[in-house]
Amino acid sequence: MSSSNGGYYLPAPSHWPIVGSLGMFLLLFGFASYLHGSTSLIMIAGAAIIIVMLFGWFGTVINESLAGKYNNQVDVSFRMGMAWFIFSEVMFFAAFFGALFYARMYSVPWLGGASNNVMTNELLWPTFEAIWPTNGPAAVGGEYHPMGAWGIPAINTLILLSSGVTVTWAHWGLKKDDRTQLILGLMATVALGFLFLGLQAYEYHHAYTEMNLKLSTGMYGTTFFMLTGFHGLHVTLGATMLFVILIRSMKGHFTEEHHFAFEAVAWYWHFVDVVWLGLFVFVYWLV
Amino acid sequence: MSTATTHDEHHDHGAPSGLMRWITTTNHKDIGTLYLWFAFIMLLIGGAMAMVIRAELFQPGLQVVDPHFFNTMTTMHGLIMVFGAIMPGMVGLANWQIPLMIGAPDMALPRMNNWSFWILPFAGTMLLSTLFMEGGGPAFGWTFYAPLSTTFAPASTDFFIFAVHMLGFSSIMGSINIIATVLNMRAPGMTLMKMPLFVWTWFITAFLLIAVMPVLAGAVTMMLTDRNFGTSFFSAAGGGDPVLFQHVFWFFGHPEVYIMILPAFGVISEIIPTFARKKLFGYSSMVYATASIAFLSFIVYAHHMFTTGMPVAGELYFMYATIMIAVPTAVKVFNWTATMWKGSMTFETPMLWAIAFVFLFTIGGFTGLMMGIAPADMQYHDTYFIVAHFHYVLVTGALFAMIGAFYYWMPKWSGHMVSERLGKIHFWWSVISVNVLFFPQHFIGLAGMPRRIPDYSLQFADWNMVSSLGGFAFGLAQVFFLFIIIKTIRGGKAATSQVWEGAHGLEWTVPSPAPYHTFETAPEVR
Ligand code: HEM
Ligand SMILES: [Cu+2]
């Protein structure tokens, strides 16, 4: 059926999904084996296969897009796909925010004797004071310093917020076909993204070496590192995707009207931004 | 919006054949078939585990397996049935039927559709591989409560965790596809309020999935880090709380039970009007009832936690909220009944399964109400009563609907009518044995027999033996079902396009078997 480009594009059979499944299986099976003392090679092989798959699959999509096979209806499907994918990511973070709020509002006060838990506290750990941040009645991980909000975290907030501005500026450039503005804006965004990651790495190093604040520092360390860590992972992913968009922009991809890939990554970037604001308020600031 | 379809050039000539066809396919019908076969194989594997359970419980004392293996069986049986049989089975139905029912050429994102499926065999392999690992497979129940699943669990638990990650990833991609298909691929004139109810229920289910599968991923991730990286999510010593696990799990878990039943509601709402030869009674109230069940399912989850020592205000709130779900559920049962009222009913095999569904699912709904009453649930909780409850809603509910769907749509899929005689034997055999299997579990549950225990006190012996006999018979009936499936694929009376006299809807306008590509030019819906 080689009708004109007006139709909804249905792709030919593809081997990339099965490659992706195999890669995912090896990565995760290998990781679990590695945790139990096996070699890390399976895991690395899995990661490599996934990277090959990503290049292959996205390469195919980009070629199809450049060949003009996607009509507006296909574009809408892609948009819905990305939007609901981001929603699922929001729910993933919600689980961890939920754990944080549950600990701060319920379980820690209960451990301290709130509600009908007076005797638990009196009999098991009478000296425990239920004040956030805490590493629990057993002081898991020992003495530590909590992370303040007004040093690196505040700077990082500014960095991410500005990167939201620069990516929008780049988008304006794209829409009026000003390639220089597009490329400069993207370069700035990518640079700010990696700057953020660099500062976060520095912050983690500082926490581990000078503040005795670790992933294993009770519930505070747990929520601090899990939330900021998963966020950092998403920044890494977002910055990498922005980098790909930058390369594609330099190659002359995208038109004023058709640039879904750019928009998808920009949405993702804003999502990462908003999550950070939540982190800044509830993990760093209100302690 | 354009109504034509463009295929990739190499699509029709040089498309891969043999095994590669199935591995690389982007066709919704192929992928639907793959899902259905996967689900059926998992049903047989999970069923075999149930046979082990019932064999051990045939008599009091320890006869067949050791207690740890018994616990592994209850765990794996639950996980495989939920994530391997019911969910993929429903997705298989969605893949086959949604494009046919809304007049779309395929799912919106066909390559991703393939990936959603092909993750499953790998995830299933990972899950099953835990059985052969040192220390045995997971043995903490399908709800994997901490600290049983963290501090006290075997090494294989980490493989189980990653299998759940993969299953979740697959479900999320599958639901994104369904949402995009329903919103973006409907034929001109197919307005939302004209969509068949099966499409509606799946559409709403897809939102539930996208909202809660990531939370499940969060729960198992917390387990993973508690087990391996020293975090304190579920450890009171560090300021966490084992009960936190239950909150995160059931925030997923309760919507999950509706994920399994809503598409079943959709199937029943297709079958009953066809064989009552009347339009579905109260179409729009069905849509609103489905939506309100979905909404309520997020705010009732702690009815699974009445005995954890929640504050009294929590007990009361979750009790009232839970009971409220009975309202939209009752609307549905009422509408199905009203559809049959004064209809010109005939009782072909699909209709029998649908009617059994209405009766038996409702029994499960009633026991649900009993357990929703917080003070009463103190007695029912973690007894065989709850096992009876959820098997009535899941086996005679979700599974019966899927089997009914098979009898209803198989002529469209294969071009062959299913033998009415064999289908009716399968039906009566199943419906009698399933009640012998699960009804007595109400009695032993009320009498106090705890769930997930390989041995029991002598007073429960009689009903357990009855239940086991019913179990073996029901298990055998599904092997007979396999025979029916294969026989129908290989031959049978040729089906017409409309298949059933009273059938309405776009899927009945295409030939049987449905051609490989349908609705490449969108139909006009009036
Ligand atoms: C009228 C609607 C329903 C109500 C009021 C209801 C209520 C309940 C309650 C209160 C429990 C917890 C019992 C306990 O642990 O003590 C429960 C358990 C359960 N329900 Fe329902 N239910 C309803 C419908 C359903 C449906 C439609 C399904 C699935 C299709 C379902 C599946 C389950 C499952 C699987 C469990 C057991 C979870 C476990 O393993 O602990 N229920 N139900
Ligand atoms: Cu529930």
Side-chain angles (χ1 to χ4, degrees), chain A residues 1-18 20-22 24-25 28-29 31-32 35-36 57 69 71 73 76-77 80-81 84-85 87-89 91-92 94-96 98-99 102-103 106-108 111 115 134-138 140-141 215-216 218-220 222 226, chain B residues 1-2 4-12 15-16 21 23-26 105-106 108-111 114-115 118-119 122 126 155 158-159 162 165-166 172 176 179-180 183-184 210-215 217-219 222 225 228-233 236-241 244 247-248 311 520:
Chain A
M1 240 92 336
S2 38
S3 60
S4 75
N5 279 339
Y8 195 91
Y9 176 73
L10 296 181
S14 166
H15 56 271
W16 292 119
I18 190 85
S21 305
L22 180 69
M24 191 190 268
F25 178 80
L28 295 178
F29 198 91
F31 185 31
L35 288 175
H36 295 286
W57 192 327
K69 291 180 176 171
N71 65 7
Q73 198 186 356
V76 172
S77 291
M80 289 177 174
W84 289 107
F85 171 68
F87 176 71
S88 78
E89 291 267 51
M91 292 308 293
F92 182 74
F96 289 90
Y102 180 84
Y106 297 113
S107 69
V108 169
L111 289 173
S115 186
T134 179
N135 52 355
V140 174
L215 181 59
S216 50
M219 198 54 170
Y220 176 64
T222 296
M226 290 299 280
Chain B
M1 194 193 291
S2 139
T5 309
T6 318
H7 284 290
D8 201 79
E9 300 82 63
H10 347 272
H11 198 276
D12 293 318
R21 161 183 168 189
I23 290 181
T24 61
T25 182
T26 48
D106 206 302
L109 302 160
R111 254 187 308 242
N114 173 304
W115 203 20
W118 276 106
I119 286 174
F122 288 92
M126 181 123 71
D158 294 314
F159 294 85
F162 287 132
H165 275 123
M166 290 176 77
I172 290 169
I176 287 175
I179 292 178
L183 288 179
N184 194 33
I210 294 194
V212 302
M213 291 312 281
V215 176
M222 293 176 200
T225 58
N228 298 292
F229 304 108
T231 57
S232 299
F233 284 112
D241 185 356
L244 170 60
H247 283 285
V248 186
E520 289 182 291

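Below, read A as the first sequence line, B as the second, and so on, with proteins coming before strands; counting in each chain starts at 1.
A tilted orientation is assigned to the rings of B:Phe162 and A:Phe31, their planes being inclined by 30° to 60°.
For the pair B:Leu183/A:Met80, a side-chain contact is recorded, criterion being any heavy-atom separation below 4.5 Å from C-beta on. The shortest side-chain heavy-atom distance between B:Thr24 and A:Ser14 does not fall under the 4.5 Å cut-off. In this structure, the side chains of B:Met166 and A:Phe25 come closer than 4.5 Å at one or more pairs of heavy atoms. The shortest distance between side-chain heavy atoms of A:Met226 and B:Thr225 falls below 4.5 Å. Contact of the A:Leu28 side chain with the B:Phe122 side chain is not registered, since no non-hydrogen atoms from C-beta on lie closer than 4.5 Å. Counting heavy atoms from C-beta outward, B:Thr25 and A:Pro13 have side chains that stay 4.5 Å or more apart. Between B:Pro105 and A:Leu10, some side-chain heavy-atom pair lies under the 4.5 Å cut-off.
For a residue to count as touching a neighbouring chain, one of its non-hydrogen atoms must lie under 4.5 Å from one of that chain's; by this rule A:Ala94 does not touch chain B. Contacts between A:Ser88 and chain B at a heavy-atom distance below 4.5 Å involve backbone atoms as well as side-chain atoms. Using a 4.5 Å cut-off between heavy atoms, A:His15 touches chain B through backbone and side chain atoms alike. Neither the backbone nor the side chain of A:Tyr106 comes within contact range of chain B; no heavy atoms are under 4.5 Å apart. Residue contact with chain B, scored on non-hydrogen atoms closer than 4.5 Å, involves the backbone and the side chain of A:Leu215 alike. Interface residue B:Asn228: only side-chain heavy atoms are found under 4.5 Å from chain A. Interface residue B:Leu244: backbone and side-chain heavy atoms are both found under 4.5 Å from chain A.
Qualifying ring-ring contact (aromatic ring centres under 6.0 Å, His included) partners for A:Phe87, counting only residues two or more places apart in sequence or in other chains: A:Trp84. Residues satisfying the ring-ring contact (aromatic ring centres under 6.0 Å, His included) test with B:His247, not counting sequence neighbours, are A:Tyr102, B:Tyr301.
Remark: side-chain polar atoms of A:Tyr8 are paired, donor with acceptor, to backbone N or O of B:Ala108 under 3.5 angstrom. Without hydrogens or angle criteria, A:Ser21 side chain to B:Trp118 main chain gives a donor-acceptor distance under 3.5 Å. Side chain of B:Asn184 to main chain of A:Gln73: a donor-acceptor pair is present (N/O by atom type, distance under 3.5 Å, no hydrogens or angles). Using modelled atom types, one side-chain atom of B:Thr26 and one backbone atom of A:Pro11 make a donor-acceptor pair closer than 3.5 Å.
Note: A:Ala32 leads A:Ala32, A:Ser107, A:Gly141, A:Gly81 in heavy-atom pairs under 4.5 Å with chain B.
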Exercise for the section: Determine, step by step, whether B:Trp115 and A:Trp57 satisfy the ring pair (Phe, Tyr, Trp, His ring centres under 6.0 Å) criterion, reporting the C-alpha distance in whole Å, the side-chain angles of both residues, the deciding distance to 0.1 Å, and the verdict. Expected result: CA-CA 11 Å; B:Trp115 203 20; A:Trp57 192 327; 5.5 Å; yes
